[in-house]
Chemist: 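Structure incoming, see below.
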There are 2 protein chains.
Amino acid sequence: MAGSQDELSNIAESLKSLGLTKYEALVYIALLKVAGATATEIHQVSGVPRASVYPVLDRLNQKNLVYVSNTSPKRFDAMPPDEGIGNLLASIEDSAQEAKAVLSDIFRQRIGVERGTQELIWSSYGQDNIHIRISELIRQAKQSIRIFCNMHFFTSAMIETLETAGESVTIEIIVDQWTGAAPKNIKILIKKAPIGHEIDNKTITGGVFLFDCKRVMVIMGPQDDGLTGLYSESDGFVRFFSSYWRFFKDWARK
Amino acid sequence: MAGSQDELSNIAESLKSLGLTKYEALVYIALLKVAGATATEIHQVSGVPRASVYPVLDRLNQKNLVYVSNTSPKRFDAMPPDEGIGNLLASIEDSAQEAKAVLSDIFRQRIGVERGTQELIWSSYGQDNIHIRISELIRQAKQSIRIFCNMHFFTSAMIETLETAGESVTIEIIVDQWTGAAPKNIKILIKKAPIGHEIDNKTITGGVFLFDCKRVMVIMGPQDDGLTGLYSESDGFVRFFSSYWRFFKDWARK
DNA sequence: CACTTGTTGTTATTGTTATAACAACATTTA
DNA sequence: TAAATGTTGTTATAACAATAACAACAAGTG
């Protein structure tokens, strides 16, 4: 039978982010396994209490994920996942587009724009968030990108982004090692640097990312999670890390 | 100032379907209006209780929608909507794709496939759901589509779908009237039919949709909402509505 | 036939969780 | 000192989860 326990709870998570509840997910999955099932069969396959199955099926019906027959007992049938999930996603994408339009409108009229905002240092947390943020900064760079960090911070997706950006922007990276093919359009200096060390069995990592000599992102913290990123366009901050970077560049060349 | 009351609550709805709570939506919108705001300013602009602002900003920070400064008092800044909403949507799309893959896998191995399923009559509710379902059936049709209903049931999107399908499939429509341009590839018979009447100020509408002489969708109910759709591949059901359709076709021709 | 048995669909009730709303307090800043 | 800030804890509320109880009905059994 399909669906390991782990895979199943994983899918339940995915379906939740599409707006389904736990029960809705379980019932829908059960209906995918057994065609034209009765409420009792759904209850047996999904583990959802029989009485709860009815309201849940109602909601799924509203969402166009299941059909109901007029027989007695009622039988239920699942919309094929491609269409069902597709419809769900489509309506979310509509919402997203609408939200984008209106919010961008508000964003353009924002007040208090200059309040020394560019002198501040902004924090963000979590490895994923920081990866996303850095990828965006890479894409927005117009002239130069300078990076100083450990190899294991890079994801393959990020390296791809860098290679693409490298076509129009100067990229220099100081890194402890480089596994995999040498990337195009990127100047790499390999040097084991004194960033990254161990505390409590956790690798504490660090890194500096400079964009167009105007924007800096500094990362630090444990490798897996709890990673902190500091972003700033502040003059002093940028200057500090620019010279920091130049120092290590000279040092790496020896 | 941007954002009418109605528009705002609309956007809040859209943001909810992207996984934000009411407060998260309000705070994010407030931050889009005022750059680099403090917690208190956010509280004033958004109307969210000041004490609630902090945990909400935490969650938004996790979701990569806001940045936090290290100053005192803390200042917050919103991710531009294009990127912020884009990131949210991207992660939902990932979930959807994963869900699709795994669920389609389960779907392919479904048991109890033939149990007279094709003899059953399936119901679905709600105008939107029925529109979606019919559009899919139109796209899946291989040979012929026959429709008998009121003009006001058609949406412009559905007419487009029909015109596209008309390139490879015979389409005949019996309808009470036709406003707008005469569609390509579609044979239209105009005749005020005895379907659709009024009860309690509500227009009760009806319609028959035949696909490849094998699948039928019958709709009925109030025009606005609560519309019911019956779908079947049952032989008897199909035959009944085929002759029903033929009868009205002859009648419409006179 | 009366009677049990089992199933179905519905409703009511309780528990649980996440969000919302508020009050209180220690800390900082002017 | 007065005002603003950041944090904590408590209570309310709504949605969902879980269980129990019930009426309606069909099928089988003495």
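Not measured: the values here are computed from a predicted model.
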Chemist: Quick test: give all pairs of protein nitrogen or oxygen and nucleotides 11-14 of chain D nitrogen or oxygen below 3.5 Å, distance rounded to 0.1 Å.
Modeler:
none

Chemist: Glu41(A) has an atom CD; how far is it from atom C1' of dG9(C), in whole Å?
Modeler: 15 Å

Chemist: Checking Lys22(B) now: which residues fulfil salt bridge (charged side-chain N to carboxylate O under 4.0 Å, His left out) with it, not counting sequence neighbours?
Modeler: none

Chemist: Does a side-chain N or O from Thr40(B) land closer than 4.0 Å to OP1 or OP2 of dT5(D), or not?
Modeler: yes

Chemist: Tell me the interatomic distance from Arg75(B), atom CZ, to dT5(D), atom C1', rounded to whole angstroms.
Modeler: 12 Å

Chemist: By ring-ring contact (aromatic ring centres under 6.0 Å, His included), which residues pair with His43(A), not counting sequence neighbours?
Modeler: none

Chemist: So, for Lys74(A) and Val68(A), which heavy atoms are closest and what is the spacing to 0.1 Å?
Modeler: CD-CG1, 4.1 Å

Chemist: Name all residues meeting the ring-ring contact (aromatic ring centres under 6.0 Å, His included) criterion together with Phe241(B); count only those two or more places apart in sequence or in a different chain, and write none if there are none.
Modeler: Phe237(B), Tyr244(B)

Chemist: Between residues 42-54 of chain B and DNA chain D, which residues have a heavy-atom gap below 4.0 Å?
Modeler: Arg50(B), Ala51(B), Tyr54(B)

Chemist: Could you check which of dT8(C), dT5(D), dA17(D) has an atom nearest any side-chain atom of Thr38(B)?
Modeler: dT5(D)

Chemist: Partners of Val48(B) by side-chain contact (heavy atoms from CB on, under 4.5 Å), sequence neighbours excluded?
Modeler: Tyr23(B), Leu26(B), Val27(B), Ser46(B), Ser52(B), Val53(B)

Chemist: May I have the list of side-chain donor-acceptor pairs in residues 79-91 of chain A shorter than 3.5 Å, sequence neighbours left out?
Modeler:
unit_1, atom_1, unit_2, atom_2, d
Glu83(A), OE2, Gln140(B), NE2, 3.2
Asn87(A), ND2, Glu83(A), O, 3.4
Ser91(A), OG, Leu88(A), O, 3.2

Chemist: Restricting to salt bridge (charged side-chain N to carboxylate O under 4.0 Å, His left out), what partner residues turn up for Lys100(B), sequence neighbours left out?
Modeler: none

Chemist: What's the NZ-C1' distance between Lys74(A) and dT8(C), to the nearest Å?
Modeler: 10 Å

Chemist: Kindly write out the residues that satisfy side-chain contact (heavy atoms from CB on, under 4.5 Å) with Tyr54(A), not counting sequence neighbours, or none if the list is empty.
Modeler: Ala39(A), Arg50(A)

